[in-house]
> 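Before I ask anything, here is the structure I am working with.
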Amino acid sequence: MRRAHLRNIQEDEYDLVVIGGGASGAGAALDAAQRGLKVILIEQGDWGGGTSSRSTKLLHGGVRYLEMALKNLDFKQLRQVKHGLSERKTMLEAAPHLAHGIPLVTPVFSWFEALYLTVGLKLYGLIAGKRQTLPGSSWISKREALRHIPMLRPEVHSAVMYHDGQFDDARYTILQVRKAQQFYTICLNYVAFFAFGKSPDGAITHVHVTDRIYGMKAIIQTKSVLNCTGAYADHVRLAANASLTPRITASKGVHITLPLPDGMKTALMIPKTSDGRLLFAIPFQGVLLLGTTDTPYEKLEFQPEITDAEVKFLLDGLNQFLGKKYTKKDVLAGFAGLRPLISEPGRGSTKQLLRDHEVETDPQSGLVSLMGGKWTTHRLMAKDAVDEICRRLDKKELVCKTETVVLPGGESWLPDGWKTLHKQNANVLSKETAIHLHQRYGSWAYKIAEICKENKAWVEPLCEGVDAIGAEVIYHARYEMATNVQDVLSRRLRIENNNFTLAYRATHAVARLLGQAFHWPDGKEEEEAVAYYEYLYERAKKTGIRINEV
Ligand SMILES: Cc1cc2nc3c(=O)[nH]c(=O)nc-3n(C[C@H](O)[C@H](O)[C@H](O)COP(=O)(O)OP(=O)(O)OC[C@H]3O[C@@H](n4cnc5c(N)ncnc54)[C@H](O)[C@@H]3O)c2cc1C
């Protein structure tokens with residue numbers, strides 16, 4: 001299929017090539033395709049493999065941005081908070097199986113602190129407006145706070161509780177790609193942009209790409225190009241026009257995961273770390289996700305990694321609020337991402353840079369670049385960028401329709417839909433597996449149940465301690481463009497995101513299932529498993545995270 005696609009795409013002319021398959025690029029491809037444009041989306045790695053799978057996974061306006069906006073009377077920042085809060089609702093409705101509200105508790109140590117936060121969070125709720133579906137904020141007693149977060153230090157005075165959205169960032173990206181495919185977008189992962197072809201007057205007419213699996217090269221003829229490469233946006237901008245000034249300041253943010261205390265369903269928001277940031281400790285798919293940091297990052301040619309100092313910073317930030325402390329030995333996994341911030345003269349550190357976005361058009365080459373922003377506002381960002389593309393193509397009549405889009409699996413989704421799934425497939429799915437599949441694939445979970453019927457062995461969990469079953473891997477290979485073990489364990493099942501040891505233990509099963517799905521030749525399965533082990537060990541070593549092989 002890949003080889004055929006790469007050959008065929010050279011025979012046509014496209015309205016738009018989108019470079020970059022993260023939140024921005026997948027969102028823009030979907031928007032453009034839904035308007036009726038003929039689109040190709042390329043991603044040099046896996047869908048969401050850049051920053052878009054490494055976020056805090058919150059759908060929010062940003063409590064800290066609200067505080068900064070009010071302190072500095074910064075209306076741009078206030079507008080950004082408002083956009084985030086309204087998009088939070090849109091995303092919750094687009095994929096109800098992947099995105100939901102989550103309560104967050106902020107402990108305070110005096111009534112003054114409690115008052116300050118209560119007023120701030122009430123304002124946050126007011127900005128969200130009447131349309132919001134999540135409960136508002138409230139001041140809660142110490143007893144109530146300890147009920148939500150039993151590990152809190154007993155000296156807390158009380159706490160303030162509010163709600164935001166939480167989602168699975170990588171799977172959301174994949175679903176956007178799949179939705180774009182429903183509108184005939186050609187979506188190619190592991191295909192990298194490397195050069196532009198131009199007309200004599202310097203306008204881009206072709207995009208040169210290379211397939212990173214087979215090494216094939218292709219040249220795509222197109223009327224427009226949208227650069228959605230996040231932290232790497234300047235590379236593409238400078239390839240289009242070497243005289244452009246670099247605009248992106250990348251900022252590294254890291255997360256670690258820890259064992260989740262039994263029954264903990266509420267997140268902890270720590271209002272101030274030693275460097276003045278917020279920290280979040282959030283229940284996510286059975287682990288406690290702790291993050292994040294914010295430090296300038298320049299070595300874009302290298303994958304960002306977590307340092308010992310960063311792990312210590314995160315643990316210290318959390319432990320100051322806890323009775324029983326976490327130690328480095330407790331860390332289960334960790335990952336680092338790069339915020340694609342837009343440089344602004346006069347705003348000193350990366351913490352002060354706006355999380356707003358910008359659509360830039362280079363008049364000489366015609367390249368349109370979508371820069372900055374955040375996950376929560378990706379749809380609005382995509383809309384602005386595709387509006388600009390339509391203006392350039394003289395198709396202003398094609399308007400954005402993504403505000404009410406429902407992603408695959410979100411159609412007719414009901415919280416207790418697992419019951420029907422279980423009833424209809426009781427011969428292959430246990431109640432627990434039906435619940436798990438319903439949460440991950442929504443109303444499309446029945447497709448996994450169908451796969452289970454092909455081979456009873458595929459109903460088995462990948463290894464002890466994980467919910468994921470073999471049929472999911474076959475599904476990822478057949479329908480979600482997974483190509484290797486990491487695509488499955490990291491972005492489709494999130495096991496690597498959450499727990500390196502479980503990722504290690506599931507490796508062989510995943511390699512074997514991919515081998516069955518792709519009819520790999522002898523030896524390839526072992527080769528892929530070993531390649532993944534090496535990658536995982538390297539990451540664990542750099543981060544100091546222990547993999548328990550037993
Ligand atoms: C630590 C951290 C926590 C965050 N938490 C939140 C949060 O909780 N909520 C929120 O709303 N936002 C959050 N954000 C922000 C959000 O994650 C990012 O703004 C968003 O993911 C950026 O998406 P993107 O598509 O612009 O970039 P990316 O996801 O990085 O996508 C760009 C893609 O372009 C590809 N690419 C690059 N060069 C090429 C090429 N030559 N050819 C083909 N493809 C190429 C890359 O491989 C990459 O996949 C967080 C960010 C960080 C770093």
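Index from 1, following the sequence. All values below come from the heavy atoms of this structure, side chains included, with hydrogens, waters and symmetry mates left out. Each ligand, and each atom within it, is numbered from 1 in the order the structure gives.
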> Using heavy atoms and a threshold below 4.0 Å, how should the contact between H255 and ligand 1 be classified: side chain, backbone, both, or neither?
side chain
> Find all atoms of ligand 1 within a distance of less than 4.0 Å from any non-hydrogen atom belonging to G230, and give their numbers and elements.
26 (O), 27 (O), 32 (C)
> Can an N or O of F193 be found at a distance shorter than 3.5 Å from an N or O of ligand 1?
yes
> What atoms of ligand 1 come within less than 4.0 Å of a heavy atom belonging to T292?
1 (C)
> Between K252 and Y297, is NZ or CZ placed under 6.0 angstrom from the six-membered ring centre and within 45° of the ring axis?
no
> Of the choices G22, S55, S52, which has the non-hydrogen atom that lies closest to atom 23 (O) of ligand 1?
S52
> Would you check whether T51 has a nitrogen or oxygen atom less than 3.5 angstrom from a nitrogen or oxygen atom of ligand 1?
yes
> Under the criterion side-chain hydrogen bond (donor to acceptor under 3.5 Å, both in side chains), which of N497, N498, T257 is the partner of Q285?
N498
> Can you report which non-hydrogen protein atom sits closest to atom 11 (O) of ligand 1, along with the distance?
T376 OG1, 2.6 Å
> Considering residues at least two apart in sequence or located in another chain, which fulfil the side chain to side chain contact (heavy atoms under 4.5 Å, CB included) criterion with V368?
L226, V359, T361, E388, I389, R392
> Report yes if some N/O of L58 lies less than 3.5 Å from some N/O of ligand 1; otherwise report no.
yes
> One residue to check: L338. Relative to ligand 1, which of side chain, backbone, both or neither has a non-hydrogen atom less than 4.0 Å away?
backbone
> E43 versus ligand 1: do any nitrogen or oxygen atoms come within less than 3.5 Å of each other?
yes
> Looking at CG of D356 and CE of M371, how far apart are the two atoms once the value is rounded to the nearest 0.5 Å?
11.5 Å
> Report yes if some N/O of D46 lies less than 3.5 Å from some N/O of ligand 1; otherwise report no.
no
> Looking only at heavy atoms, is any part of C228 under 4.0 Å from ligand 1, and if so is it the side chain, the backbone, or both, or is it neither?
backbone
> Run the salt bridge (charged side-chain N to carboxylate O under 4.0 Å, His left out) test against K312 and tell me which residues pass, sequence neighbours left out.
D316
